[in-house]
Amino acid sequence: MAEAKATPSTHPSAFPLAGLARDGWSTDTEATATCFCGAVQLRFPTTAPGLVDTFICNCADCHKITASMFASNFTVLDTHLAHIRGQENLSRFGQTETIGRGHLMTNFFCRTCGTLMYRVGGGFPGMSILRIGTVDDFRLMEGRLRPRREQFTEMRVGWLGGVEGV
């Protein structure tokens, strides 16, 4: 994952005000994901082969790491993921103790605001797991990044229904 030059902004006025960055963009094949403070920004594919999968995870680690009841994720090939800015501003934390398959899972957080930008795990070789909530173009959440599957459903809380159509 190499440092990449920023793409000229094609920031649509329809992007909601969220966080401090104002330079997110999307095209037919790529988009940006930015941390809350704007220090870290990634470029990722929105189509195959670079975009691998989209999913909801209900595992206990995702509960804890998101401070929520699930995580909405998408996986991309590392060869298609680029750091536009802030790679040096990422902190890492990895562990194997609570991961279901025992593989090392390393989390990459913005050192300034704490946003979890992505995870890299032994169970996902050659891929990074990004959070749908970091994507700048919210329209992608209803389209190309809409979760296609749900995992660890046995750990889903009873008052939260599953993802419709998954």
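Everything numeric here is computed off the predicted structure, so don't read it as measured data.
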Check [X] against [Y] and note the closest heavy-atom contact, atom names and distance.
X      : Y      : answer
Ala33  : Phe44  : N-CE2, 3.8 Å
Cys37  : Cys110 : SG-SG, 3.7 Å
Arg139 : Ser26  : NH2-OG, 4.1 Å
Asn73  : Ile129 : CB-CG2, 3.7 Å
Pro49  : His80  : CG-NE2, 4.2 Å

Query - Glu142, CD atom: more than 12 neighbouring heavy atoms under 6.0 Å - result: no
Requested in this report: Test side chain to side chain donor-acceptor pair (under 3.5 Å) on Asn89 and Thr112 and set out the steps.
Outcome: CA-CA 7 Å; Asn89 201 50; Thr112 304; 3.1 Å; yes
Does one hydrophobic cluster hold both [X] and [Y], with members joined at side-chain heavy-atom distances below 4.5 Å?
X      : Y      : answer
Ile65  : Met105 : no
Phe138 : Phe36  : no
Leu140 : Leu130 : yes
Leu116 : Phe93  : yes

Query raised in the report: For Val76 and Val52, what are the C-alpha separation, side-chain angles and deciding distance, and is it a side chain to side chain contact (heavy atoms under 4.5 Å, CB included)?
Result: CA-CA 5 Å; Val76 298; Val52 177; 5.7 Å; no
Query raised in the report: Hey, does the Lys NZ or Arg CZ of Arg92 hover above the aromatic six-ring of Phe108, less than 6.0 Å from the centre and inside 45° of the axis?
Result: no
[X] side chain to [Y] main-chain N or O, any donor-acceptor pair under 3.5 Å?
X      : Y      : result
Arg119 : Thr106 : no
Arg85  : Gly38  : yes
Ser91  : Phe109 : no

Query - Candidate pair Thr75 and Asp53, rule side chain to side chain donor-acceptor pair (under 3.5 Å), full reasoning - result: CA-CA 5 Å; Thr75 49; Asp53 200 6; 5.3 Å; no
**Report entry** Verdict with supporting geometry, Phe74 and Val135, side chain to side chain contact (heavy atoms under 4.5 Å, CB included)
**Finding:** CA-CA 10 Å; Phe74 62 104; Val135 174; 3.7 Å; yes
Between [atom1] on residue [X] and [atom2] on residue [Y], distance to nearest 0.5 Å:
X      : Y      : atom1 : atom2 : result
Thr134 : Leu42  : OG1   : CG    : 7.0 Å
Asp78  : Phe124 : CG    : CZ    : 12.0 Å
His83  : Leu81  : NE2   : CG    : 6.0 Å
Glu150 : Ser72  : CD    : OG    : 11.0 Å
Leu77  : Leu51  : CG    : CG    : 9.0 Å
Arg148 : Thr54  : CZ    : OG1   : 4.0 Å

Report task. Would you check, one step at a time, whether the test side chain to side chain donor-acceptor pair (under 3.5 Å) holds for Asp23 with Gln41? Result -> CA-CA 9 Å; Asp23 61 347; Gln41 189 173 64; 3.3 Å; yes
Report task. May I have the step-by-step check of side chain to side chain contact (heavy atoms under 4.5 Å, CB included) for Cys35 and Met117, ending in yes or no? Result -> CA-CA 7 Å; Cys35 67; Met117 294 303 295; 3.6 Å; yes
Query raised in the report: Would you say Thr46 and Glu30 make side-chain contact, with heavy atoms under 4.5 Å?
Result: no
Report task. In plain terms, say whether Asp137 and Arg144 are close enough for a salt bridge, that is, a side-chain N and a carboxylate O under 4.0 Å apart. Result -> no
